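Reading through the structure tokens given below for one structure.
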Amino acid sequence: MPADEPRAHAPNDAHPGRLRRTGHVLWRTPAALGRRVRRATRAGGAGESGLSRLIELHAVNAFGDMLITVALASTIFFSVPTGEARDRVALYLLVTMAPFALLAPVIGPLLDRLPHGRRAAMAAAMLARAFLALLLAGTVATGGLELYPAALGVLVSSKAYGVVRSAVVPRLLPPRVSLVKANARVTLAGLLATGVAAPVGALLHQVGPHWPLYGACAVFLAGAVLSLSLTAKVDSARGERKARLRPDPATDPRASQGRGQVKAPGQGQPSKPGLRSAGSSVRTGLLANAAVRALSGLLTFFLAFLLREHPLTGLSAAVSLGLVAVGAGTGNALGTALGAWLRDRAPEVIIATVLTCALAATLCASLLYGTAAVAAVAAATGLAQALGKLSLDALIQRDLPEEVRTSAFAKSETLVQLSWVVGGGIGISLPLSGTLGMWVGTGIIALGVLLTARRLLTAPRTGTSTPARVA
């Protein structure tokens with residue numbers, strides 16, 4: 001070959017190797033992330049106790065619920081003009097929330113009758129939503145009336161899962177993890193899964209309006225399998241009794257000094273201690289959480305319509321709604337994370353503090369309505385909701401004996417969910433005036449502060465010898 005003739009290129013063996021290295025990197029990144037997630041969920045003995053499986057299950061549940069939410073919101077809210085969307089959401093509230101308000105008080109007592117079938121109950125809730133997601137996929141594009149009964153079934157199944165999950169957590173506690181810290185870890189996993197599912201649902205919706213529902217069906221089928229793989233301790237009901245919301249006629253709650261302790265029959269104590277006989281702290285904490293949930297429900301529906309019709313200054317409707325969603329999510333995640341830092345603070349003080357912060361935020365938004373005020377009130381409500389619930393968990397842990405604690409968690413969760421329903425109904429009925437909506441929210445949270453703050457701060461620190469901790 002002449003010296004001046006260019007060399008022929010040798011076969012490029014680097015391309016297969018480069019492709020293999022690229023594929024290895026692409027696989028190694030999610031695999032490493034998965035390993036880190038598993039280590040996080042199994043930390044503190046959660047892997048040995050079985051809590052890690054429940055954390056993963058709750059993440060799957062939250063992921064599937066968000067996919068269904070994206071599909072329904074796109075059909076009921078975003079795909080039609082504001083006036084028609086308001087009618088559809090009002091119909092959604094009427095057909096789904098009103099029956100749910102009647103069914104929710106029954107969910108807890110019914111599931112109390114299944115102490116040995118909790119894994120099956122959670123799997124059934126997952127399978128029901130998988131089936132209903134397929135039904136919704138056939139009607140979501142048209143938005144027909146048959147969509148609403150299926151949506152009601154999804155809502156009831158989701159809340160049934162939540163009630164059982166609340167009752168299951170105490171059975172899976174590792175020795176070095178408190179009950180409320182375990183709840184915080186479960187909640188945080190759900191928040192992270194929701195944040196991932198939202199863009200995934202939006203991408204699937206670009207393919208077709210029914211694709212998020214197909215994805216939800218697959219996710220819930222996986223959740224059903226994961227439910228059945230939980231440890232057998234989930235179905236153990238040894239030592240448990242049912243908590244009652246009404247005081248025993250033969251009980252003087254003041255005589256028990258809020259301890260909720262069980263005594264032998266004939267000693268003057270109720271045979272079935274409950275939330276109302278547990279002491280003023282639990283009852284007042286439950287009322288405070290109901291006020292926060294009502295505010296959350298109001299803001300969810302009211303701001304959704306308000307910002308679509310009247311976006312924040314200088315922003316589009318989509319960006320305005322996104323700002324509120326990010327603010328609420330950030331506040332919720334921050335409240336959950338703060339639970340670990342506030343571990344030595346009295347739960348009563350924390351509830352009173354977050355209530356006051358929420359009142360200050362809504363009052364500022366009422367007086368100075370604008371972009372910053374709306375974002376602040378969304379974040380404050382999210383933070384108050386997260387920390388308030390964790391503190392309520394701590395009060396139940398402290399003031400109720402172990403044998404009725406799981407039942408009490410189920411009933412308290414049902415009551416705060418009902419408060420969200422009431423707040424949502426108020427939000428959908430209000431005129432689209434930002435200042436008016438903020439003043440109504442201020443009134444709700446101010447009523448909660450008036451009814452609970454003083455009693456929380458002056459309540460005696462009663463209960464078991466182990467101090468309640470927020471995390």
Side-chain angles (χ1 to χ4, degrees), residues 65-98 100 140 143 147-148 151 154-155 158 194-195 197-199 201-202 205 209 212 292-313 315-332 358 361-362 365-366 369-382 385 417 419-442 444-445:
D65 275 346
M66 176 51 66
L67 291 180
I68 290 184
T69 299
V70 169
L72 291 178
S74 301
T75 300
I76 297 174
F77 182 72
F78 289 107
S79 63
V80 294
T82 302
E84 185 179 347
R86 193 161 187 170
D87 292 340
R88 286 193 179 192
V89 174
L91 180 61
Y92 177 85
L93 283 176
L94 179 64
V95 177
T96 62
M97 296 298 185
F100 173 71
V140 71
L147 177 147
Y148 297 96
V154 169
L155 181 65
S158 178
T194 297
H205 187 266
V292 173
R293 285 297 182 95
L295 175 64
S296 174
L298 181 144
L299 294 178
T300 298
F301 289 95
F302 176 75
L303 290 179
F305 285 108
L306 175 70
L307 298 180
R308 182 180 177 181
E309 190 71 15
H310 306 291
L312 297 171
T313 304
L315 301 177
S316 66
V319 174
S320 298
L321 289 169
L323 179 65
V324 171
V326 170
T330 301
N332 209 321
T362 53
S366 303
Y369 181 81
T371 302
V374 170
V377 77
T381 303
Q385 182 172 303
Q417 289 294 339
S419 302
W420 187 88
V421 172
V422 173
I426 296 173
I428 193 64
S429 64
L430 288 176
L432 297 181
S433 168
T435 303
L436 174 62
M438 293 300 105
W439 276 116
V440 173
T442 301
I444 291 175
I445 205 69

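As a basis for the values below, the full set of heavy atoms in this structure was taken, side chains included, without hydrogen atoms, waters or symmetry mates. Worth saying up front: this structure is predicted, and the values here are computed from it rather than measured.
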Whether Ser366 side chain and Thr435 backbone form a donor-acceptor pair below 3.5 Å
no

For residues 297-307, tabulate all N or O donor-acceptor pairs below 3.5 Å that involve a side-chain atom, not counting sequence neighbours.
residue: Thr300; atom: OG1; partner: Ser296; partner atom: O; Å: 2.7

For [X] and [Y], work out which heavy atoms get closest and say how close.
| X | Y | answer |
| --- | --- | --- |
| Ile428 | Gly425 | CG2-O, 3.1 Å |
| Ala361 | Ala376 | CB-O, 4.3 Å |
| Val324 | Ala378 | O-CB, 3.7 Å |
| Ser158 | Asp65 | OG-OD2, 3.0 Å |

Working for side chain to side chain contact (heavy atoms under 4.5 Å, CB included), residues Tyr369 and Leu312
CA-CA 10 Å; Tyr369 181 81; Leu312 297 171; 4.1 Å; yes

Student check: side-chain heavy atoms of [X] and [Y] closer than 4.5 Å:
| X | Y | answer |
| --- | --- | --- |
| Asn332 | Thr381 | no |
| Met66 | Thr194 | yes |
| Pro212 | Ile68 | no |

Pairwise distance NE2(His310) to OG(Ser320) - rounded to 0.5 angstrom:
12.0 Å

